[in-house]
Amino acid sequence: MKQICMLINARDVIARIRPEIYGHFAEHLGRCVYGGIYVGEDSAIPHVNGIRTDVVEAFRNIRVPTIRWPGGCFAEEYHWKDGVGPKDKRRRMVNINWGGVVEDNSFGTHEYMELCRQVGCKPYINGNVGSGTVQEMAEWVEYMTAEGTPMAEWRRANGQSDPWKLEFLGVGNENWGCGGEMTAETYAAHFRRFGAFCRDHNGNRLCRIACGPSSADYGWMETIMKSLSRGWGGYPLAGGVDLHYYTMPIHPQMDSATDFDDKLHYATMESAAFVDELLTRHTEIMNRYDPENRVGLVIGEWGCWHQVEPGTNPGFLYQQNAMRDALVAAIHLNAFNRHSRRVMMANLAQTVNVLQAVLLTDGDRLVKTPTYHVFDLFKAHQEGTAVYCYTDSEKAAEGCRADMVSSSASVLDGVMTITLSNCSLTETVEIACDVCHFSASQVRARILTADTHAFNDFDHPEDVVIRPHTAEYARGRLCVTLPPCSVAEVTLS
Ligand code: AHR
């Protein structure tokens with residue numbers, strides 16, 4: 001048993017935790033949209049307007065605040081006009097990036113907005129810079145948000161008379177790679193043109209999100225901030241910069257999602273924990289160009305990238321999701337909370353059936369992965385105020401640079417939510433936490449714990465689920481025990 005001390009100071013405020021930090025990502029990739037989210041109006045699987053009821057219910061339960069769409073690399077080949085109007089007239093295309101399958105465009109702008117309506121989340125549309133035009137993206141924004149213009153009339157003719165609200169507009173995706181192999185300088189110049197002509201119609205205010213760096217490409221961040229943090233008139237051109245970082249301790253084709261050794265478990269924790277350094281260093285650059293904190297850091301793609309499940313299409317990125325992935329999720333979400341002064345949004349890749357999915361489907365069956373349950377344990381942080389939380393953790397194992405325990409805390413309406421993870425394979429941790437400047441009389445705890453290889457599948461959907469847990473609290477001192485491989489939520493009220 002390891003004893004670890006913690007300190008939470010409720011008066012030492014970091015920032016409001018924007019709900020979008022708990023966001024998700026759905027690309028036209030494999031069975032994420034088609035079969036995972038959307039089954040069409042004629043499906044025997046229970047749905048509303050073609051969108052799976054079980055998926056919507058599951059999303060609502062974890063309070064999904066936003067879903068980034070339509071990609072990813074797919075966004076850079078997507079032409080939105082192909083996906084509106086009568087379905088039998090929609091142009092087909094080949095999804096070159098992901099398996100070379102035929103995309104029939106039956107899920108387009110209207111279907112996506114309907115998904116957001118059912119889930120109760122904000123849209124986050126990613127536009128096409130690499131193979132699209134300024135006019136095409138500008139017209140998409142007009143189609144969605146204007147009134148009384150040619151595009152708005154077309155939208156009305158297609159069945160939607162009221163404009164939608166659109167806050168988040170991604171201007172390109174991974175333009176250093178699949179989005180056009182650009183240099184940061186070239187991309188920044190493109191952003192200025194695209195951003196300028198995507199207008200704020202009708203009182204709709206766009207937050208234009210620039211393509212950010214891959215992982216530790218600090219040079220990309222520097223150039224983007226230099227060019228886009230101050231436009232004509234002094235206001236930032238970009239409202240956000242979108243960093244992508246995947247947990248990949250070894251080449252994904254070598255890393256089975258469920259069959260790995262202890263060394264790889266700890267390498268995965270180390271790769272996940274690196275996100276804290278990334279957030280710190282990218283924030284330092286952003287602080288230099290934007291001391292007023294007007295440009296948010298978005299982590300538009302994050303999560304584990306493993307080998308695909310044997311026998312599945314390698315282009316579909318369908319992988320299982322074990323307790324190891326749940327620990328990775330907890331390490332990231334705790335880091336996002338701690339960095340919430342700069343982090344405005346994050347989107348786990350990807351919602352259903354792709355990469356570190358929260359849900360897996362097979363026909364009409366649905367499974368909630370361990371990662372789904374982490375989002376359930378963390379959901380009370382949304383809209384809370386992140387407060388200082390220090391954990392005197394030792395390293396997870398000899399030679400591993402990840403801390404054994406990750407943590408964060410927030411306060412909302414007089415309730416403190418503390419989330420913790422223990423990524424040791426062997427050690428039980430006894431946490432003794434001093435909670436300063438906060439008064440509470442009740443403590444409640446929930447836990448997700450299992451062997452690092454454990455997962456849920458269609459025959460065993462509840463092998464890894466949240467269970468009630470015990471914790472003690474008296475006179476500002478919280479005591480809670482974390483078994484090996486566990487994620488917990490403690491609530492003080
Ligand atoms: O999430 C899968 C892919 O990973 C996305 O399409 C791309 O943006 C990233 O490289």
Side-chain angles (χ1 to χ4, degrees), residues 24-59 62 64 67-75 77-78 83 87 90 92-108 111-112 114-116 118-119 126 173 178 246 252-253 256-258 301 303-322 325 347-372 375 455-459 461:
H24 292 262
F25 170 36
E27 180 166 9
H28 287 235
L29 195 178
R31 296 187 301 113
C32 183
V33 171
Y34 297 110
I37 290 173
Y38 184 72
V39 285
E41 284 86 352
D42 300 328
S43 176
I45 296 172
H47 66 88
V48 174
N49 298 326
I51 296 166
R52 290 179 74 125
T53 311
D54 51 359
V55 167
V56 169
E57 270 171 21
F59 284 175
I62 55 170
V64 166
I67 301 173
R68 176 172 178 253
W69 175 85
C73 294
F74 178 80
E77 311 223 21
Y78 182 65
K87 293 206 175 173
R90 293 190 189 177
R92 289 166 171 249
M93 66 182 280
V94 174
N95 192 335
I96 307 268
N97 283 293
W98 306 119
V101 293
V102 172
E103 161 68 57
D104 69 2
N105 276 307
S106 55
F107 189 92
E111 291 75 19
Y112 168 70
E114 172 63 6
L115 168 68
C116 293
Q118 290 185 27
V119 173
N126 210 112
N173 172 74
C178 68
Y246 284 97
Q253 282 168 12
S256 156
T258 51
E301 292 184 26
C304 290
W305 194 317
H306 306 300
Q307 214 172 59
V308 298
E309 279 300 287
T312 63
N313 185 332
F316 281 14
L317 308 186
Y318 177 78
Q319 63 189 41
Q320 245 304 348
N321 186 307
D325 301 78
N347 309 79
L348 176 68
Q350 300 192 5
T351 47
V352 192
N353 294 333
V354 170
L355 298 176
Q356 192 174 343
V358 288
L359 302 174
L360 302 176
T361 65
D362 176 23
D364 64 352
R365 298 192 293 173
L366 173 136
V367 159
K368 293 174 175 156
T369 66
T371 300
Y372 176 91
F375 276 81
F455 57 89
N456 297 327
D457 64 16
F458 299 100
D459 297 324

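Please read all numbers here as calculations on a predicted model, not as lab measurements. What you see below is based on every heavy atom in this structure, not just the backbone, and it leaves out hydrogens, waters and symmetry mates.
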Hey, is the main chain of [Y] close enough, under 3.5 Å, to the side chain of [X] for a donor-acceptor pair?
X	Y	answer
Glu111	Gly108	yes
Gln319	His306	yes
Thr312	Glu309	yes
Asn95	Val102	no

Residues that [X] engages under salt bridge (Lys or Arg N to Asp or Glu O under 4.0 Å), provided they are two or more places apart:
X	answer
Asp362	Arg365
Asp54	Arg52
Glu301	Arg68

How close do [X] and [Y] get, counting heavy atoms only, and between which atoms?
X	Y	value
Val352	Phe59	CG2-CZ, 3.9 Å
Ala26	Ile67	CB-CG2, 3.7 Å
Thr369	Ala357	OG1-O, 2.9 Å

Side chain to side chain, Phe316 and Val354, heavy atoms closer than 4.5 Å: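 Contact flag for Phe316/Val354 side chains = no.
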
For Cys116, which residues count as a disulfide (SG to SG under 2.5 Å) partner, sequence neighbours excluded?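 Cys116 satisfies disulfide (SG to SG under 2.5 Å) with no other residue.
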
Decide if the gap between the ring center of His24 and the ring center of Phe375 is smaller than 6.0 angstrom. yes

With a 6.0 Å cut-off on ring centres, are Trp69 and Phe74 close enough? no

For the [atom1] atom of [X] and the [atom2] atom of [Y], what is their distance to the nearest 0.5 Å?
X	Y	atom1	atom2	result
Cys32	Ile37	SG	CD1	4.5 Å
Leu115	Ile51	CG	CD1	5.0 Å
Asn353	Leu360	CG	CG	6.0 Å
Gln320	Asp457	CD	CG	6.0 Å

Pairs satisfying salt bridge (Lys or Arg N to Asp or Glu O under 4.0 Å), at least one member in residues 25-50, at least two apart: Glu41-Lys87

What residues form a ring pair (Phe, Tyr, Trp, His ring centres under 6.0 Å) with Tyr34, not counting sequence neighbours?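 Partners of Tyr34 by the ring pair (Phe, Tyr, Trp, His ring centres under 6.0 Å) criterion, ordered by chain and then number, come out as His28.
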
Pair Asn49, Glu114: side-chain N/O donor-acceptor within cut-off below 3.5 Å: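 There is such a pair between these side chains.
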
Any donor-acceptor pair under 3.5 Å linking the side-chain atoms of Thr371 with those of Gln356?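 Yes, side-chain donor-acceptor contact under 3.5 Å.
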
